[in-house]
There are 2 protein chains.
Amino acid sequence: MKKEELSKRLKEAGLKATPQRILILDFIMKHGHIGIETLYEKMKDIIPSISIATIYKNLKILEEKGLVREVSISSFKSLYELKNLPHIHIVCEKCRSVSDFFINEAEIKKYFKNLTNFDVNKVSIILFVECEKCKVSES
Amino acid sequence: MKKEELSKRLKEAGLKATPQRILILDFIMKHGHIGIETLYEKMKDIIPSISIATIYKNLKILEEKGLVREVSISSFKSLYELKNLPHIHIVCEKCRSVSDFFINEAEIKKYFKNLTNFDVNKVSIILFVECEKCKVSES
DNA sequence: ATCCTTGCAAATGATTTGCAAGAGT
DNA sequence: ACTCTTGCAAATCATTTGCAAGGAT
């Protein structure tokens, strides 16, 4: 997604398209998910004057406007991701990498509706596994 | 579960069975899941000298020893629960109540193995719904 | 008796806030 | 021009740590 598209998305959400916000979205997009500290470090290279308070404020408002989602995993710091395609998270317990697995959301909701009898609005699913890389590098 | 049983569990984990620890487990058990601040408030009624640092230290060590699990839900503070029967969390988006739904873990793992092709060690599943109470109290 | 745990206070870390200057529409 | 956003510094809130005294085995 190019800057213009991100800019457009911001304006549609009623937010001004500042370089800071575009860059936040851009980095989140490139990383899939990214933590605040990492975001701050990377943004400093491009906007050296950036303040971490600005990042906090923007992540908050971007989440309120529905552009970004916070990902909470026990014993991890919060990560942030674009609210695009529905997916679940796969966490490697060895190397602590987090990756996305895209899903058919309706399908999953149906499965859980079936199981629990609740109409599910939203799901948050994390699978803890050992990733391929770690399996291979095992002695 | 009675105090003696909790005390036994602590000793089995190689921890001393102090009143503070027993009370922490007792409250977590009674609440299903409880946050640190609430735990602190409730414990003060029974052990007025309790320090919140003690609660932090103990939750940490209880988690390390596998007696307790931290539950992370976006925009919630961490909750803690006993590591007993496998279950998933159902969160009402209206009243923000959190409840447990007990599952057949093998079954769920099979479902996701089937879907993702990963051998799943552990799952963390949160379903966001509107609970019965909230549905009823809707105008 | 020994070692672990507690409670306190201080230290650290994370997040939020107020405000004046600057940038986007 | 007007309003929203930024960056800074300070304030607040959450979590961790060191240490001396007390408690569990």
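Between A:R9 and A:E12, no side-chain nitrogen of the basic residue sits less than 4.0 Å from a carboxylate oxygen of the acidic one, so the salt-bridge criterion is not met. Contact check on B:K94 versus B:E130 returns a salt bridge, with a Lys/Arg side-chain nitrogen under 4.0 Å from an Asp/Glu carboxylate oxygen.
Annotation: of the two residues near DNA chain D, A:P48 and A:R21, the 5′-most nearest-nucleotide partner is A:R21.
Taking every side-chain heavy atom of A:T54 into account, D:dG7 is the closest of D:dG7, D:dT15, C:dT15. The side chain of B:S51 approaches C:dC8 more closely than any other nucleotide in the set D:dC8, C:dC8, C:dT17. Distances from the side chain of B:K16 to the nucleotides D:dG7, C:dG7, D:dG23 place D:dG23 closest. Nearest to the side-chain atoms of B:I36 among the listed nucleotides D:dT5, C:dT5, D:dT15 stands D:dT15. Closest contact between the side chain of B:A53 and the listed nucleotides D:dT17, D:dT15, D:dT6 involves D:dT17. Ranking D:dT17, C:dT5, D:dG7 by closeness to the B:K57 side chain, first place goes to D:dT17.
Nucleotide C:dG7 holds its P atom 10 Å from the CD1 atom of B:I24, rounded to whole Å. A straight line from CG of B:N58 to C1' of D:dT15 spans 14 Å, rounded to a whole angstrom. As a whole-Å value, the separation of A:K60 NZ from C:dT16 P is 5 Å. Here D:dG23 presents its P atom at 18 Å from CG of B:L10, a figure rounded to the nearest Å. Per the geometry, CD1 belonging to B:I22 stands 13 Å off C1' belonging to D:dT25, to the nearest Å. Taking atom OH of residue B:Y40 and atom C1' of nucleotide D:dT15, one finds them 14 Å apart after rounding to whole Å. C:dC4 atom P lies 17 Å from atom CD of B:Q20, rounded to whole Å. Between the CD1 atom of B:I50 and the P atom of C:dT6 there is a distance of 7 Å, given to the nearest Å.
The one candidate from B:D100, B:L79, B:L127 that meets the side chain to side chain contact (heavy atoms under 4.5 Å, CB included) condition with B:H89 is B:D100.
The side-chain heavy atoms of B:I108 and A:Y111, taken from C-beta on, include a pair separated by under 4.5 Å. Residues A:T116 and B:V129 fail the side-chain proximity criterion, which asks for heavy atoms closer than 4.5 Å.
For A:K11 against C:dG24, a side-chain-to-base donor-acceptor contact under 3.5 Å is absent.
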Got a list of protein N/O to nucleotides 12-14 of chain D N/O distances below 3.5 Å?
residue: D:dA14; atom: OP1; partner: B:K77; partner atom: NZ; Å: 2.6

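Nucleic acid contact for B:P19: sugar-phosphate only, since backbone atoms but no base atoms lie under 4.0 Å from a heavy atom of the residue. Backbone-only engagement by A:S49 is indicated by non-hydrogen atom pairs under 4.0 Å involving sugar-phosphate atoms exclusively.
Defined by atom type and a distance below 3.5 Å, a donor-acceptor pair is missing between the side-chain atoms of B:E105 and B:H87.
One finds a side-chain N or O of B:T18 lying less than 4.0 angstrom from the OP1 or OP2 phosphate oxygen of C:dT6.
By the 6.0 Å and 45° rule, A:R96 stacks over the aromatic ring of A:F76.
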Do any side-chain atoms of residues 34-47 of chain B form donor-acceptor pairs under 3.5 angstrom with protein atoms, and if so which ones, sequence neighbours left out?
none

